[in-house]
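Reading through the structure tokens given below for one structure.
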Number of protein chains: 2
Amino acid sequence: MGAAAQQAAEENEEWAGVTPDAARRLVSAAVEAFAERGYHATTTRDIAGRAGMSPAALYIHYKTKEELLYRISGIGHEKALRIMGAAAEAPGSAPERLRDAVRTFARWHAEHHTTARVIQYELQALSPEHYAEIAGLRRQTDRLLRQIIQDGADSGAFHVDDVPGTTLAVLSLCVDVARWFSADGSRTPDEVGALYADLVLRMVGAPPLPATGKSG
Amino acid sequence: MGAAAQQAAEENEEWAGVTPDAARRLVSAAVEAFAERGYHATTTRDIAGRAGMSPAALYIHYKTKEELLYRISGIGHEKALRIMGAAAEAPGSAPERLRDAVRTFARWHAEHHTTARVIQYELQALSPEHYAEIAGLRRQTDRLLRQIIQDGADSGAFHVDDVPGTTLAVLSLCVDVARWFSADGSRTPDEVGALYADLVLRMVGAPPLPATGKSG
DNA sequence: ACCGGACCTAAGCGCTTGCTCAGTGCCGCG
DNA sequence: CGCGGCACTGAGCAAGCGCTTAGGTCCGGT
């Protein structure tokens, strides 16, 4: 399987939970369009066109354009939360858990920068009710990361003066990968994850960990 | 002078170079609206209304809505570049210059988070020609910061494996302040600047600098 | 007193937007 | 073969968009 086919397969897999096929094609098309131009600059005609349908077909599967964004945001944020949760609840020392959390979280934002861009930068376009729901998922992610950093501070493995502030900075750093990362740039998602894990361990005043060779 | 009046005075000062008065009021209104809803979700009627004029008045001072964004982007990016330049060209060791660069750059993004949000997150709405021009300013800012980090690495004051990657991360960290910072949050711009300067010095493997007390 | 021009408004043009709806083609089932 | 249901389309509606135009007001200069 070539690189392009591999990419396409991953794209499909990302929305595997969305059925039927037409609904999945619409989500996929919407993510592409929203990431490229932004939610408000994207027309329902554009989304339907990318999915190979007439404009009206969109409304058989989604009540409004906003509902499409809501579905994308929900699925994306749940995935991000699971990634952070897996690292936070894994066995291991605080430095190990922080390294894995940052490595996988940053790498996901690079690998899925299209989706990540939409869910991180188009939130304001959600309805107030939908926004509140998504904000809850974000708070959970934040809490998981803060607990890792707090654990390390408590055990003396980290030296941080401001745990909430440092948590915010680490999260901000990872999230912003979605803004600048480009698939045709010089860095692979794996490299971004490794670099960011290293930088964050320094931020919390932890001594470098021995390399494990595994990538997450 | 009360806090609200102080805020208003600073807002006015930010666009002091824009004349006549009506043109300045329009820029100020546009920044507010773009930051709140995004460029594409903002109507020219909204901008004119906030500036206390009829929709048509906008077109006496600006040819298009995009030109307003272009002016805002230009002024904002030039200011950001001057802040980075001042720190980069100041006398002092690489750690001192990096600390001051990050402190002032991050603080500006917090203090002027409304403007910063527009110039950092609405770039894609610029015409290709205008975008290219603004991208040049951004490259200059990047180069200034990278040189500080390179200087520190060369002199042995910093320990960085990947200078371009670390530069990108530091810039990303500071820029993203504009996304999450809120004026009614618990952190002042000064505090954000101080925290970020400290975190970044750790990222480059520099020993902590003695506190200077000065904030700029 | 009068004029030219800078500045502004009321009205509205042509177009695009999100979304709707009557109707079409196609499917499995009897 | 006929039928009911479903995914889908072509056409289009009401509203809102960026922007224009014709005309009014005010003000400094002569």
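Convention: sequence-line order gives letters A, B, ...; per-chain numbering from 1.
Residues satisfying the side-chain hydrogen bond (donor to acceptor under 3.5 Å, both in side chains) criterion with A:Y121, sequence neighbours excluded, are A:D176. Applying the side-chain hydrogen bond (donor to acceptor under 3.5 Å, both in side chains) criterion to B:Q147, with sequence neighbours excluded, gives B:D151. Scanning for salt bridge (charged side-chain N to carboxylate O under 4.0 Å, His left out) contacts around B:E36 gives B:R50, with sequence neighbours left out. Residues satisfying the ring-ring contact (aromatic ring centres under 6.0 Å, His included) criterion with A:H113, sequence neighbours excluded, are A:F181. In this structure B:A88 satisfies the side chain to side chain contact (heavy atoms under 4.5 Å, CB included) test together with B:L144, B:I148, sequence neighbours excluded. Listed by chain and residue number, B:D184 satisfy the side-chain hydrogen bond (donor to acceptor under 3.5 Å, both in side chains) test with B:S182 (two or more places apart in sequence, or in another chain).
Contact check of residues 38-45 of chain A against DNA chain C (heavy atom, cut-off under 4.0 Å) returns A:T42, A:T43, A:T44, A:R45. Contacts between residues 52-69 of chain B and DNA chain C, defined by a heavy-atom separation under 4.0 Å, are made by B:M53, B:S54, B:A56, B:A57, B:I60, B:H61. If you check residues 121-131 of chain A against DNA chain C, you find no residue with a heavy atom closer than 4.0 Å.
Pairs engaging residues 51-71 of chain A under the salt bridge (Lys or Arg N to Asp or Glu O under 4.0 Å) rule: A:E67-A:R71 [sequence neighbours left out]. Annotation: salt bridge (Lys or Arg N to Asp or Glu O under 4.0 Å) contacts involving residues 119-143 of chain B, sequence neighbours excluded, comprise B:D142-B:R146.
Of the possible polar contacts, one joining the A:H77 side chain to the A:S73 backbone as a donor-acceptor pair under 3.5 Å is found.
Salt bridge annotation for B:D46-B:R37: present, with a cationic side-chain nitrogen under 4.0 angstrom from a carboxylate oxygen.
A:V102 places a side-chain heavy atom less than 4.5 Å from the side chain of A:L98.
Side-chain contact, A:T114 with A:E32: no donor N or O sits under 3.5 Å from an acceptor N or O.
If you walk DNA chain D from 5' to 3' and mark each nucleotide with an atom closer than 4.0 Å to a heavy atom of chain A, the marks span D:dC8 to D:dG12.
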